[in-house]
Every structure is written in structure tokens, then in C-alpha cells.
Amino acid sequence: MEKHPKLIHYFKSHFNARLVLIFLFNGIVPVLLISLTTYPFWFRTMRSKELTFTYSRISTINQALDSLTTDIEQNITHIFSNEDIRSYLKEDYDEITVEGHKKHVLIENFLKSISNYGEFACSYTIIDRYNRIYTNGSNVNRLQSFHSPLCESVKQASPGTYYTERNLYSTDSEKALTYGRVLKEEGEILAVILVDISPELLHSILGDYDGNNYQVFIANPNNELIYTNAVHLLSKPEIMEHLLSAQGTTVILENERYEMAHASSLLTNYHTYVLVPHTYIYKDSGNIRVLFVIILILVFMQTITFSRIISKSLSRKILLIKNELLRFITTREKSVFHHKNNDELKEISDGIVYLENEIDKMLEEIQANAEKQRRLELQTLQQQLNPHMIYNALNTITQLASLQGVKNIEEVSLAFTRMLKLVSKNTENFVTLRQEIGFIKDYISIKKYNNFQNLTLQCDVADHLLELPVLKLLLQPFIENCMKHGFRNFEEDGIIFLYAYLEEEQLHIIIEDNGSGIKNDQIEQILNLSCQTEEDYSNIGIRSCIERLRLQYGNRCTFSIDSDGQSFTRISLSYPVKEDPHASDASRR
């Protein structure tokens, strides 16, 4: 139950999914409707064509059987009309004698001469009342006698012609068809003629019909089954009962459905039944179903492909506009995208461009006002300090310390004077790295007397890097942090190392001390501290420096603190050097 709301929400929130669903509905539903309406018609058409073809084949079979029967009847007539044969059959001669042997050979040669289909395809056998057997090649009939069951059945046949399946009266497993007639003279039966039609000849008459797809049943005029190419567990009377009692054209044999076609020959009155399995008729319809499935798959794939192409073509511009807007929000770079077509997307893109221009103007005004306010506050502070008077006082202190030989007072006074000049006279946001390092040295000169520690600053900065810009008073809070945390209760001489190098247009500055280090929780406190007590002032200064870096350079600057908590603390920062140090923050997007 929970999947359905999620699925509905997915389609509601994805334009591409809704478009694909619409295309699928409009593409597949018509194909399904066409399939459902046309498939029954196609099946009925195929069934009708199959039965029409079957009836035409039955007609061909019946014509072939009539032709075969006619040929057999003509050959039997030739046998009966031959006076020598009739006279020989009447005599009770001995076949062992030379004269008897000649008569026997004469009759067999005559039988061989009349076999239109060959002696192996259609063999003739005469069994006279003296049990003499004359044949043109049937070894099976040599085992018969004038009073054998087969001959007796021929004698009793009405109206005189007998048809039977050969293996009923022999051990022959082949389904040969036997045609039987009697030779009479003056009401007395002189002989029985057996004509065996071989399976090969029958198969040639059946043509395209085989036992896998078509089942053929041939019955004599008495509706007795005399030939079939099918194998069934049912008895022949049961099969004929099903065929004769079939309603319409549908027959069920051994729980399998068949379509039946039936016709009788004109001359011999043979009954031919052909059964076509429903599965065979459905074979082509099954192929059609497979074709429909393939068509549905192709339609599905085509619909998915085209809908994706169309949806992407429709949403690509919208996504581009969205990305341009996000890029503007992130980098403050104006959009370069312009929609060419004069449509709704053009209006949206023009609106985005207008919005960006308005936002840019607002930010410039805000930045200008902030800069103006900052300068006014700085000027007010400088006026309040009255630097000229302070400089005169510091110079006086310096001169007195020099005259009296007090070097430490002179050093502190000079350092403070230089620091004050940098702070009060330079109103820009940026100074050179040389000025910033000079400020740090003066700061250390004062703090070492304040902390009663011997502190040393060691710089490793190439000369060409000293003129690069740096945010004013950016590094002083880090030096103060080293003194506060690294050299607290530190009895050895304190050393602060400052390195700088340029890599891929990024200036990297590293400040490291040999103090007692800082623990990880203290590092987190420095980076995340809100002002709690007066002791945390230097930490707040570091936090302000980090914020100044991020405001000035965004995600193009880096900052990290590393310490083992025992022997060192390392502060690393970097920022791009291709910055206009006199540009306002609003222009750095």
C-alpha cells in the first residue's frame, strides 16, 4: 500500500515520467485494441483457409484413390478375361511337373506385366481353390490359403470388393491396404485376387499430409477404417464412432481438439477424414501473437526513446536556466544563456537575466553602503584617537628611552608606532605580505616583554612573494593564538615559523610554533567558538579571520589547524593571488 503513494508522488514530481506515461498510453493502448479486435478475425480466416486447403487435398486424395482403384479394377478385368489363366485356374495340375511349372510361371509373368505402379508398390496375388499361389512379389501372401481368414473375408464381401488394412491378417507392421476380389465362373469361385497397396504408394497419394500435423483416416464404403497414418490408443471402431458422431467440424480424440474435413470418392465411395490439430492451426496465430508482442516491445522502446528525447528537448532549456540561476547564486557570475526561440522559455530566460541584473545592482548598493559606513566608522575612530598627538607622544617616549639608554622601552615604543601607522593610515582592506610580516614582528617585539618570554619569528618567504596582497591584520590573531596556547607555561625559548609559497596561483601561508601544542577539543573550540568569556577573545579573532577569508574568496580559500597536543601547532591557509586588492567584496563573485 505504501508503494502506490510513492509511485504517484514520483509521477507528480517528475515531468519526464509523466510525459513517458502519456506516450506509453497513447502508443500501446491503440496497438492492444487493434490486436484484440483483429486477432479473432485473423484466426477465423486462418481456420477457414486451413479447412479449404484440407478439402482440396482430400479431393486430390480421393481422385488418386479412384484412379488407383480404377487401374486395379482394369488389371483384374485383364486377368479374368485371359482365357489361358482361366483355364489354368480350373485345372488341377501338378506344379512340380514341367508343364505345371510353365503354367505357374506364365500366370506370374502376366501379373508382373500388369502392375502399373511396380510390383513392390502394388502387388497382385491369385490364390485358387487348389491353394496354388501366384504373385508378382508379395511374400506375405505366399503364406495365405484359399480358406484363410483373409480370403474368407474377401469371399463374403458385399457387393464383391473387399478393403482391409494389411496387418490385420499378417505379422507385417506396415499399414498396407489390401484390395480383394473373387474370380467366379458359373457361380463357382475359382480364385481370390489380393492386391496389396504398399505404404510408400499410400504416402505418395497423401502428399503433404504427415502424422505430426495432419491425421488421415480412410474408411471403406461400410465405414470400416481401412487406413490411417495416425497412432491412437483408441480402437478402430471407437475412432470411427467419434468421426461419425462429430458435431460440425470439431472432433475430440484422446482429449485433444481437432478440426475435421470429410469427403467421399465418387467412384469407389471411399470415405476420407482429415483431422487438423487446433494447436497446428494456432501455430500461425501463435506466430502472430509473437509478432504482436514484438510490435508492442518495439512500440514500448520507441515510445520510451522518443518520449525521453522530447522530454529532454523540452526540459533541457529549463534545466539550463535553473543551473545558470544556481551558478549565479553560488559565484555571482551573470548568465550567458540566451534562448533563441521566441516562446515561453524565452520569457523565463529573459526574466532570469533581469532578476540577476537587479540582484547585482542591489548587492552593489549594499556593498557600497557597507563600505561607506565602514570608512566613516574608521575615520571617526581615527579622529577619536587623534593619531598626530599619539605619534608625538610615542616619539617623545622613544627619544627619552634612547637618551637614557633603555633599549627595551625604545624597542617597544618604535614597534608600537609602526603598528599604529599601519592601522591608522592604511584604510584599505589589503596590505602587502611584507607589511603584514612587519606588523607581526612589531607585535612579537611587544608581546615578548608582556609575557616575559624570549620569542623569535623565523620567516621563509621568497622576495617576489613579499609584494603579494593579503588581508590587513589577517595573520596577527594566529600569532596571538600561538603565544596564548603554545607558549603558556612554556619554559624554553619560543620560536614561530612563517612559510609562504605559491602553487597553482594559490598563495599558501603556514604558521607553526614549537610550543606545547593544542588538543583536538580546543581546536574545535577555536573553530566553532562564540564569544563566552574575555579569555576567548583571541579565539574569536581567529574565527573572524576565517570568516573574512570565506567572505572574500568563498570556496576558493582553505584553512586548517593541526597539532599533536605536545610539541607543535601548525596553521595553514591559502587563497588565490589573482585578486584585485582594491576591489570591493561585492565584485568578487
Side-chain angles (χ1 to χ4, degrees), residues 54-82 85 110-127 134-138 140-141 144 150-151 153-170 172 174-184 189 191-209 214 216-229 236 240 243 261-274:
T54 303
Y55 277 115
S56 66
R57 290 300 303 156
I58 289 176
S59 177
T60 303
I61 292 174
N62 288 334
Q63 290 176 6
L65 291 175
D66 284 343
S67 177
L68 176 61
T69 304
T70 301
D71 290 341
I72 292 174
E73 290 287 350
Q74 290 176 354
N75 290 334
I76 292 175
T77 301
H78 291 160
I79 295 173
F80 286 176
S81 61
N82 189 301
I85 293 177
F110 184 82
L111 294 178
K112 291 178 182 180
S113 66
I114 65 172
S115 182
N116 299 338
Y117 298 92
E119 58 185 89
F120 298 106
C122 191
S123 62
Y124 289 79
T125 302
I126 300 176
I127 303 175
Y134 312 89
T135 181
N136 63 349
S138 175
V140 175
N141 288 333
Q144 297 294 327
L150 176 59
C151 292
S153 298
V154 174
K155 296 174 188 177
Q156 298 172 7
S158 177
T161 304
Y162 182 75
Y163 309 89
T164 186
E165 190 176 4
R166 181 62 195 159
N167 56 5
L168 292 177
Y169 300 96
S170 69
D172 187 4
E174 293 292 341
K175 297 180 179 180
L177 183 63
T178 298
Y179 181 94
R181 290 290 297 274
V182 294
L183 174 59
K184 291 184 179 182
I189 298 177
V192 175
I193 298 179
L194 302 177
V195 182
D196 293 336
I197 303 171
S198 67
E200 291 76 15
L201 181 56
L202 288 175
H203 292 331
S204 66
I205 292 174
L206 295 178
D208 295 333
Y209 292 112
Y214 299 91
V216 181
F217 301 89
I218 300 176
N220 59 22
N222 297 325
N223 285 321
E224 297 173 345
L225 186 62
I226 59 175
Y227 176 80
T228 180
N229 66 345
K236 293 184 179 182
M240 289 305 303
L243 297 179
H262 164 246
S264 300
S265 60
L266 297 176
L267 298 178
T268 58
N269 202 23
Y270 283 111
H271 302 289
T272 303
Y273 301 86
V274 176

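The basis for the numbers below is simple: all heavy atoms, side chains too, and nothing from hydrogens, waters or symmetry mates.
For the pair Cys122 and Ile197, the tightest heavy-atom approach, listed with the atom from each and the gap, is SG-CG1, 4.4 Å. Scanning all heavy atoms of the two residues, the minimum distance from Leu194 to Gly180 falls at CD2-CA, 4.4 Å. Between Thr135 and Thr125, the shortest heavy-atom distance links the atoms OG1-OG1, 3.1 Å.
In this structure, Thr70 contributes its side chain and Asp66 its backbone to a donor-acceptor pair below 3.5 Å. A donor-acceptor distance shorter than 3.5 angstrom exists from the side chain of Asn75 to the backbone of Asp71, with no hydrogens or angles considered.
Residues satisfying the side-chain contact (heavy atoms from CB on, under 4.5 Å) test with Ser264, not counting sequence neighbours, are His262, Asn269, His271. Listed by chain and number, the residues in a salt bridge (charged side-chain N to carboxylate O under 4.0 Å, His left out) with Lys184 amount to none (sequence neighbours excluded).
Proximity of Gln144 to Leu150: side-chain heavy atoms (C-beta onward) are separated by under 4.5 Å at one or more points. For the pair Tyr134 and Ile85, the minimum side-chain heavy-atom distance is 4.5 Å or more.
Atoms CD1 and OG, from Ile72 and Ser67 in turn, are 10.0 Å apart once rounded to the nearest 0.5 Å. Between Tyr124 atom OH and Ile114 atom CD1 the span is 5.5 Å, to the nearest 0.5 Å. Taking CZ of Phe110 as the start and CG of Asn136 as the end, the distance is 11.5 Å to the nearest 0.5 Å. The CE atom of Met240 sits 4.5 Å away from atom OH of Tyr273, with the distance rounded to the nearest 0.5 Å.
For the pairing with Ser123, the side-chain contact (heavy atoms from CB on, under 4.5 Å) check across Thr178, Leu111, Asp196 returns one residue only, Asp196.
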